[in-house]
2 protein chains.
Amino acid sequence: MDPSSFDEPQPEAVTPTAERVRDADRTRADILDVATTEFSEQGYAGARVDEIAAKTRTTKRMIYYYFQSKENLYLAALERAYEMIRASEREVDVQGLGPREAIRRLAELTFDHHESHPHFIRLVTIENIHGAKHIAKSESLPGLADPVLEVLSEILRSGRAEGEFRDDVDALDVHMMISAFCVFRTANRHTFKAIFDRDMLDPRYRAHYRTMLGDMVLDYLTAR
Amino acid sequence: MDPSSFDEPQPEAVTPTAERVRDADRTRADILDVATTEFSEQGYAGARVDEIAAKTRTTKRMIYYYFQSKENLYLAALERAYEMIRASEREVDVQGLGPREAIRRLAELTFDHHESHPHFIRLVTIENIHGAKHIAKSESLPGLADPVLEVLSEILRSGRAEGEFRDDVDALDVHMMISAFCVFRTANRHTFKAIFDRDMLDPRYRAHYRTMLGDMVLDYLTAR
DNA sequence: CTACGTATTAACTAGTTAGTTAAGTACAGC
DNA sequence: GCTGTACTTAACTAACTAGTTAATACGTAG
């Protein structure tokens, strides 16, 4: 899995033109890209439909045409965030690795793609401010469960079979531990830097934090 | 340190009365309590000054009288959140404990008071959505650095002197690791439950997560 | 008791907001 | 070419929002 192949939404370059070309998919995607950025930067309540519209190549009317409401637009952005994260995690490949190597690989790849999608991390954080009430309305919610949980379960099972891993935690616990570290680094970045004068996303610290995460999970699982 | 002595802000019982009793401190505190709850539940952009006023025993005018603006009110709530967390951490007592016991104690006490102050955790999260731009205006910002960092440094130094702890991480790294776990449990609670059907704040899991945190930090620091 | 400053209540307001109405037009099918 | 529909632009709107103005009155000093 190559993190660089999963880019943040980038609004396409504006092409000034007087003619009106109809392209429903492009218009819809343009709105969704802009909205994702705007919601992740301003939050759900703080983002403005007028502002989103102004940053697209179309008008506010089309937002309602395609998405019906501000909430639906936000929900569409949120669903896409989850789907993209899940799609990338489906490509986690730990085949042929021992349990120790596999868990470290998985932790590091999780770290990588969290880092590649700060907008999506922030969207999840914002959705928690709203008590997950929007995602609760998503018809795709049942499919959002993390496929990496199955991979994790298999690694844990394998590690225990070899007498290497502790057996008082489940795959979801380990997933939580890894996610907490990766999410915190993005989600709490600004206050952390303001108070401690250390930007956790500064490239100078990247390798250190990446290793720290792998060590943390591995040391925990292999402790006696 | 007793977690139950640090309560969340609770608006005082309403006393219906036609007379107008002046008590500036009480009015100010009432506003701040209500605002803290409202901002932590709705976010900065989502909270409404009218709504905050309606939930106090006074009128919107007094919010502007005492706090001048919505932003100043939010900032006052935020500063108070930090000060309360810091005050409680100043009472962390690990005197007389060996490094291993001290680190576990500290991790667990951090866990406890994060759990006791969900509103404050959420306020910090919300402030990160806004890029820490409000707290940057706080005149008390220089005093918000975490006093527990000094305690942590001393524990690490002691653990290394006894040849028990690794030496490739600093006190801030360990603080980050502990905070990530404790913050995630509150800040991401809702989406986590929606997707994985596990409420991380459910009392049934409390002991498990508390032990998990202590083990995680200790196993990491003592790993060879 | 009076005066004054501070605290408080009540009503008002200009600008903003999510959403709506109306009109225009591209495009495919016939 | 005509028609109908989906896509698009432009303008409008009722309700909401943070903040303001005006009036009232409490509490204390003299």
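Excluded from the calculations below are hydrogen atoms, water molecules and symmetry mates; all remaining heavy atoms, backbone and side chain alike, are included. Protein chains get the first letters and strands the later ones, always in sequence-line order, with residue 1 at the start of each.
In terms of position on DNA chain D, the residue among B:Arg48 and B:Gln68 whose nearest nucleotide sits closer to the 5' end is B:Arg48. Projected onto DNA chain C by closest heavy-atom contact, B:Lys60 and B:Asp23 fall at different nucleotides, the more 5' of which corresponds to B:Asp23.
Taking atom CG of B:Asn72 as the reference point, atom C1' of D:dA18 lies 13 Å away to the nearest angstrom. Look at CD1 on B:Ile31: it is 13 Å from C1' on C:dT9, rounded to the nearest Å. Here D:dT8 presents its C1' atom at 16 Å from OH of A:Tyr64, a figure rounded to the nearest Å. A straight line from CG of A:Leu73 to P of C:dT17 spans 16 Å, rounded to a whole angstrom. One atom, OH of B:Tyr65, and another, C1' of C:dA7, lie 5 Å apart when rounded to the nearest Å. If you take OH of B:Tyr74 and C1' of D:dA18, they are 17 Å apart, rounded to a whole angstrom. Here the P atom of nucleotide D:dC7 and the CZ atom of A:Phe67 are 12 Å apart, to the nearest Å. One interatomic measurement links the two molecules: CZ of A:Arg26 to C1' of C:dA26, which rounds to 14 Å at whole-angstrom precision.
Checking D:dG19, C:dT21, C:dT8 against the side-chain heavy atoms of B:Thr27 singles out C:dT8 as nearest. Considering only the side chain of A:Tyr66, D:dT8 comes nearest among C:dG19, C:dG5, D:dT8. Closest to the A:Ala24 side chain, of the nucleotides C:dT20, D:dC7, C:dA7, is D:dC7. Among the nucleotides C:dT6, D:dC7, C:dA18, the one closest to any side-chain atom of B:Arg22 is C:dT6. Picking from D:dT9, D:dA18, C:dT8 the nucleotide with the shortest atom distance to the side chain of B:Met62 gives C:dT8.
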Begin from the C-alpha positions of B:Glu89 and B:Arg86 and carry the test salt bridge (charged side-chain N to carboxylate O under 4.0 Å, His left out) through to its verdict.
CA-CA 5 Å; B:Glu89 288 184 343; B:Arg86 299 301 178 242; 3.6 Å; yes

Verdict with reasoning, A:Asp112 to A:Arg206, per salt bridge (charged side-chain N to carboxylate O under 4.0 Å, His left out)
CA-CA 10 Å; A:Asp112 292 340; A:Arg206 182 175 187 274; 2.7 Å; yes

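For the residue pair A:Thr191 / B:Glu127, no side-chain donor-acceptor distance below 3.5 Å is found, with atom types taken as modelled. Counted by atom type alone, B:Thr186 and B:Arg122 present zero donor-acceptor pairs between their side chains at under 3.5 Å.
For the OP1/OP2 pair of C:dG19 and a distance below 4.0 Å, the side-chain nitrogens and oxygens of A:Ser69 include no atom meeting the criterion.
With a 6.0 Å cutoff to the six-membered ring centre and a 45° limit on the axis angle, A:Lys70 does not count as a cation-pi contact of A:Tyr64.
At a cut-off of 3.5 angstrom, counting only N and O atoms as typed in the model, there is no donor on one side facing an acceptor on the other between the side-chain of A:Lys70 and the base of C:dG19. If you check distances only, the side chain of A:Arg57 never reaches the base of D:dT8 with a donor-acceptor pair under 3.5 Å.
Residue-level contact check: A:Thr59 touches the bases, meaning some heavy atom is under 4.0 Å from a base atom. Looking at heavy-atom distances under 4.0 Å, B:Ala53 makes no contact with the nucleic acid at all.
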